[in-house]
Asker: 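First the structure, which I've put down as structure tokens, then a few questions once you've had a look.
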Amino acid sequence: MTNTTIQCASRELKLDSPVVMGILNVTPDSFSDGGLFNHVETALRQAEKMHADGALIIDIGGESTRPGAKSVSESKELDRVLPIIEKIHQELDVITSIDTSKAVIMKEAANAGVGMINDVMALRADGALEAAQQTGLPVCLMHMKGEPRTMQSEPQYADVVYEVKDFLTQRIEQCLAQGIKKEQIIIDPGFGFGKTLAHNVTLFKQLGAFKELGFPVLVGASRKSMIGQITGKSIEERLAGSLALATLAAINGAAIIRVHDVAETVDAIKIANALT
Ligand code: PT1
């Protein structure tokens, strides 16, 4: 493994063995009833459970990036995520990350106590690179071809591993030039973001090539369509497929595994760690 510790604001993240990042969605479809208090309390309880189940990071996102998803306004995204970040920071001793591409959200989330920035745009949005640097927080740089609304319409690559690696290398260089420290960078090939099943499979089999870049690698494939395409199962039936994938990711050197089903994944990774 990487043997690294990443400083996430006031908390340390040890990456000696693979850790689990739990997904906390705060998009409107995840809460349709009740007021703000309800949202915050519900989110806190979910975060509490994921933390108790062994997640070391809680990833909070106010804008869906699933294929076909539309973007949301800055103010809506802020209203959704900020109270939740603040509440979790006050109530739980756990690292939070903010899943956003917007500079303003990064800054406000940092003020509210977030420990990490997770950006599916790899800091390409206006002002994002500067904002991330100003927060002093670690960043996860993810590869995406296109944008969520249209990314799954016939994505093409001459050499998917080379192109994704080259993209990440360039984004790393931009970060370093901006003053973000090497020790604060995490990379992610971006499973399902402008990729066919064949592209996802090739990238997964070549996880080692990403580790070679010398940064911790995050894998996010929980319940994604690549699992549905292989198993023929609907989203609600993808737990076993997700666990198999997480186990393989852990064995192949992923440092952080982003999942919905924390308790089950933590067990799977413990077994992988003990027996490999
Ligand atoms: C991810 C990720 C993310 N995925 C990081 N952040 C999503 N760092 C949100 C499908 O094919 O992999 N890494 N933030 C969720 N996005 C998707 C994409 C969800 C594709 C589903 C699919 O089903």
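We count ligands from 1, going down the list as the structure has it; atoms in each ligand are counted the same way. Because the structure is a prediction, the values reported are computed rather than measured.
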Asker: Side chains of T100 and E77: is there a donor and an acceptor less than 3.5 Å apart?
Answerer: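 Note: T100 and E77 side chains meet the donor-acceptor criterion.
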Asker: What donor-acceptor contacts under 3.5 angstrom involve side-chain atoms of residues 200-207, with partners at least two apart or in another chain?
Answerer:
{"residue": "N200", "atom": "OD1", "partner": "G192", "partner atom": "N", "Å": "3.0"}
{"residue": "N200", "atom": "ND2", "partner": "T196", "partner atom": "O", "Å": "3.2"}
{"residue": "T202", "atom": "OG1", "partner": "A198", "partner atom": "O", "Å": "2.9"}

Asker: Answer with side chain, backbone, both or neither: which part of V120 has a heavy atom less than 4.0 angstrom from an atom of ligand 1?
Answerer: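 Side chain only.
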Asker: So if I count the atoms of ligand 1 from 1 in the order they appear, which ones are less than 4.0 Å from some heavy atom of G192?
Answerer: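 Within the 4.0 Å cut-off of G192, ligand 1 contributes 20 (C).
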Asker: Does any N or O of ligand 1 fall below 3.5 Å from an N or O anywhere on N118, backbone included?
Answerer: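 Right, the criterion is met.
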Asker: Considering only non-hydrogen protein atoms, determine which one is nearest to atom 5 (C) of ligand 1 and report residue, atom name and distance to 0.1 Å.
Answerer: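 For this ligand atom, the closest protein heavy atom is D188 OD2, 3.1 Å.
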Asker: Assess, by modelled atom type and distance only, whether the side chains of N118 and S97 contain a donor and an acceptor separated by less than 3.5 Å.
Answerer: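 No donor-acceptor contact under 3.5 Å links the two side chains.
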Asker: Could you tell me the residue and atom name of the protein heavy atom closest to atom 16 (N) of ligand 1, and the distance to it rounded to 0.1 Å?
Answerer: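 Ranked first by proximity to atom 16 (N) of ligand 1 is F193 CZ, 3.2 Å.
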Asker: For a side-chain contact (heavy atoms from CB on, under 4.5 Å) check, start with the C-alpha distance between I105 and V81, then their side-chain angles and the critical distance, and finish with the verdict.
Answerer: CA-CA 9 Å; I105 315 269; V81 299; 4.2 Å; yes
Asker: At less than 4.0 angstrom from any non-hydrogen atom of L218, what atoms of ligand 1 do you find?
Answerer: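 Result: 8 (N), 13 (N).
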Asker: Run the side-chain contact (heavy atoms from CB on, under 4.5 Å) check on K165 and L213 step by step: do they pass?
Answerer: CA-CA 8 Å; K165 250 182 107 168; L213 292 175; 3.8 Å; yes
Asker: Any idea which protein heavy atom is nearest atom 14 (N) of ligand 1, and the distance to it?
Answerer: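 I find the closest protein heavy atom is D99 OD2, 2.8 Å.
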Asker: First locate atom CD1 of I95, then atom NE2 of H51, and finally report the distance between them rounded to the nearest 0.5 Å.
Answerer: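 Rounded to the nearest 0.5 Å, the CD1-NE2 separation comes out at 9.5 Å.
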Asker: Only heavy atoms of M142, strictly under 4.0 Å: list the atoms of ligand 1 that pass.
Answerer: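 Answer, ordered by atom number: 1 (C), 5 (C), 13 (N).
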Asker: Among P67, C140, S225, which one puts a heavy atom closest to atom 11 (O) of ligand 1?
Answerer: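 The option holding the nearest heavy atom is S225.
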Asker: Report the part of R258 in contact with ligand 1, treating N, CA, C, O as backbone and CB onward as side chain, heavy atoms under 4.0 Å; options are side chain, backbone, both, neither.
Answerer: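 Answer for R258: side chain.
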Asker: Would you check the N or O atoms of G220, main chain and side chain alike, for any that come under 3.5 Å of an N or O of ligand 1?
Answerer: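 Between G220 and ligand 1, an N or O pair is found under 3.5 Å apart.
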Asker: Does the pair K70/E63 count as a salt bridge with the N-to-O cut at 4.0 Å?
Answerer: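 So K70 does not pair with E63 through a salt bridge.
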Asker: Is the cationic atom of K145 (NZ for Lys, CZ for Arg) positioned less than 6.0 Å from the six-membered ring centroid of Y157 and within 45 degrees of its normal?
Answerer: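 The answer is yes; both the distance and angle limits are met.
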Asker: Atom 15 (C) of ligand 1: which protein heavy atom is closest, and how many Å away?
Answerer: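 I find the closest protein heavy atom is T65 OG1, 3.7 Å.
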Asker: Answer with side chain, backbone, both or neither: which part of V219 has a heavy atom less than 4.0 angstrom from an atom of ligand 1?
Answerer: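 Neither; nothing of V219 gets under 4.0 Å from ligand 1.
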Asker: So which of M226, K224, Q229 gets nearest to atom 12 (O) of ligand 1, if we judge by its closest heavy atom?
Answerer: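 When every heavy atom of M226, K224, Q229 is considered, K224 comes closest to atom 12 (O) of ligand 1.
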Asker: Indicate every side-chain donor-acceptor pair of residues 214-227 with a distance under 3.5 Å to a residue at least two apart or in another chain.
Answerer:
{"residue": "S222", "atom": "OG", "partner": "H260", "partner atom": "N", "Å": "3.1"}
{"residue": "S222", "atom": "OG", "partner": "H260", "partner atom": "ND1", "Å": "2.7"}
{"residue": "R223", "atom": "NE", "partner": "D261", "partner atom": "OD2", "Å": "3.3"}
{"residue": "R223", "atom": "NH2", "partner": "D261", "partner atom": "OD1", "Å": "2.9"}
{"residue": "R223", "atom": "NH2", "partner": "D261", "partner atom": "OD2", "Å": "3.4"}
{"residue": "K224", "atom": "NZ", "partner": "F191", "partner atom": "O", "Å": "2.8"}
{"residue": "K224", "atom": "NZ", "partner": "G220", "partner atom": "O", "Å": "2.8"}

